[in-house]
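One structure is given below, encoded as structure tokens.
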Amino acid sequence: MDQTWESDEFGASHRGRVGVLLADGSVPGPVYFDAASGAGGQTVTHWSVYDGRWPNAPRAACLQAVCSCGWAGPEHRLDWEAIGKAELHQAGLDDADRCQDDFDRHITDIDRRAVSLPAELETLLDDMELAIEQLAKDAPVAAVRAARRLEILAGRTGYTAAHASLDQDPEQVAAALGLNTDQTRTLLARFGRWSPYSY
């Protein structure tokens with residue numbers, strides 16, 4: 001299974017993973033593995049299978065972070081002379097970790113470009129989170145009630161905000177939220193309590 005990364009706020013709009021480039025700069029397709037029983041098989045796209053040692057599995061030249069939004073990070077070239085006969089899933093871990101660091105910087109950039117919240121509101125939200133986490137240690141049921149109150153508050157305030165956003169350009173709203181247009185449509189529909197297909 002391919003390992004992916006997401007942030008809580010931006011979700012599937014920015015789903016990252018380690019991508020693979022071949023020596024000619026192309027992106028390889030999935031690698032198919034037959035089942036031992038002969039009853040079907042599976043396709044794999046995890047970066048570690050592209051070591052040139054499996055049938056239909058070309059050898060990766062570089063690893064790079066890629067995101068569902070289309071962004072791609074810098075290329076991290078694999079040193080096959082140093083890798084030698086070692087397993088790629090071990091020998092390439094440092095480069096894969098660098099890819100995750102690149103993706104984290106991408107998410108930081110998305111967050112920076114999203115619409116800013118007032119500093120006092122940011123502080124209030126952070127303080128509320130810490131307070132409820134602390135409450136959960138001492139009185140978990142009370143913390144559940146507090147979380148429920150926040151859920152109700154989010155629904156109430158989100159309803160008004162979603163309807164107020166209807167007269168704005170959907171692509172500009174999506175960019176301000178750091179989301180793609182589909183996820184923005186779903187979010188506004190949930191807060192505004194309308195069909196996502198009507199926005």
Check your understanding: Among the clusters formed by ILVMFWY side chains lying less than 4.5 Å apart, do V144 and M128 turn up in the same one?
Key -> no
Check your understanding: Do R105 and D102 meet the salt-bridge criterion of a basic N to acidic O distance under 4.0 Å?
Key -> yes
Point to revise | Where A114 and G178 come nearest, the two heavy atoms and their spacing | key: CB-N, 4.3 Å
Review point. Between CZ of R185 and CG of L179, what distance do you get to the nearest 0.5 Å?
Key: 12.0 Å
**Study point:** Heavy atoms from other residues, nucleotides or ligands near CZ of R145 exceed 12 (cutoff 6.0 Å)
**Key:** no
Exercise for review: For the pair W80 (side chain) and A60 (backbone), establish whether a donor and an acceptor sit closer than 3.5 Å, ignoring hydrogens and angles.
Suggested key: yes
Review point. Do L177 and F191 share a hydrophobic cluster (ILVMFWY, side-chain heavy atoms under 4.5 Å, transitive)?
Key: yes
**Study point:** Within-4.5 Å side-chain heavy-atom neighbours: Y50 and T45
**Key:** yes
Check your understanding: After noting the C-alpha distance and the side-chain angles of W71 and H14, does the key distance pass the ring pair (Phe, Tyr, Trp, His ring centres under 6.0 Å) rule?
Key -> CA-CA 9 Å; W71 169 89; H14 296 280; 9.3 Å; no
Revision key, fill the gap. All heavy atoms of S195 vs all of A189, minimum pair found to be C-CB, 4.0 Å
Point to revise | Short side-chain to backbone donor-acceptor contact, S26 and L22, under 3.5 Å | key: no
Point to revise | Pair R113 + D109, salt bridge at N-O below 4.0 Å | key: yes
Study note, to complete from the structure: Rounded to the nearest 0.5 Å, the CZ atom of R193 sits from the CG atom of L188 at a distance of 13.5 Å
Check your understanding: Do V18 and Q3 have side-chain heavy atoms sitting under 4.5 Å apart?
Key -> no
Check your understanding: Can you find a heavy atom in the side chain of L88 that is under 4.5 Å from one in the side chain of L78?
Key -> yes
Point to revise | Flag side-chain contact, heavy atom, 4.5 Å: Y32 against N56 | key: no
Check your understanding: Do I107 and L117 share a hydrophobic cluster, counting only Ile, Leu, Val, Met, Phe, Trp and Tyr and linking them when any side-chain heavy atoms are less than 4.5 Å apart?
Key -> no
**Study point:** Reported CD-to-CG distance for the pair E120 and L125, which is rounded to 0.5 angstrom
**Key:** 10.5 Å
Practice item. Ignoring hydrogens and angles, tell me if any N or O in the side chain of S68 forms a donor-acceptor pair with the backbone of A12 under 3.5 Å. Key: yes
Exercise for review: Enter the distance from L121:CG to S116:OG here, rounded to the nearest 0.5 Å.
Suggested key: 11.5 Å
Practice item. With the side chain counted from C-beta on, respond yes when L166 and W194 share a heavy-atom pair under 4.5 Å apart, and no when they do not. Key: yes
Exercise for review: Return the minimal non-hydrogen interatomic distance between A65 and W5, and the atom names on each side.
Suggested key: CB-CZ3, 4.3 Å
Check your understanding: How far apart are the closest heavy atoms of C67 and S13, and which atoms are they?
Key -> SG-O, 4.4 Å
Review point. Should we say atom CG of D8 is surrounded by more than 12 heavy atoms from elsewhere, each under 6.0 Å from it?
Key: no
**Study point:** Hphob cluster co-occupancy, L63 + L21, side-chain heavy atoms under 4.5 angstrom
**Key:** no
Practice item. Check the hydrophobic clustering (I, L, V, M, F, W, Y; side-chain heavy atoms under 4.5 Å; chains of links allowed) and say if F103 and V66 are grouped together. Key: no
Point to revise | Donor-acceptor under 3.5 Å (E75 side chain, C62 main chain) | key: no
Exercise for review: Enter the distance from I132:CD1 to K137:NZ here, rounded to the nearest 0.5 Å.
Suggested key: 13.5 Å
Point to revise | Nearest-0.5 Å distance that lies between atom CG in L135 and atom CG in L130 | key: 12.5 Å
Review point. Is the backbone of R15 close enough, under 3.5 Å, to the side chain of E6 for a donor and an acceptor to pair up by distance?
Key: no
Practice item. Kindly give the heavy-atom pair with the smallest separation between H89 and S48, and that separation in Å. Key: CB-CB, 3.5 Å
Review point. Less than 4.5 Å apart, any side-chain heavy atom of R77 and any of D79?
Key: no
Review point. Closest approach of G73 and Q64, non-hydrogen atoms and distance?
Key: O-NE2, 2.7 Å
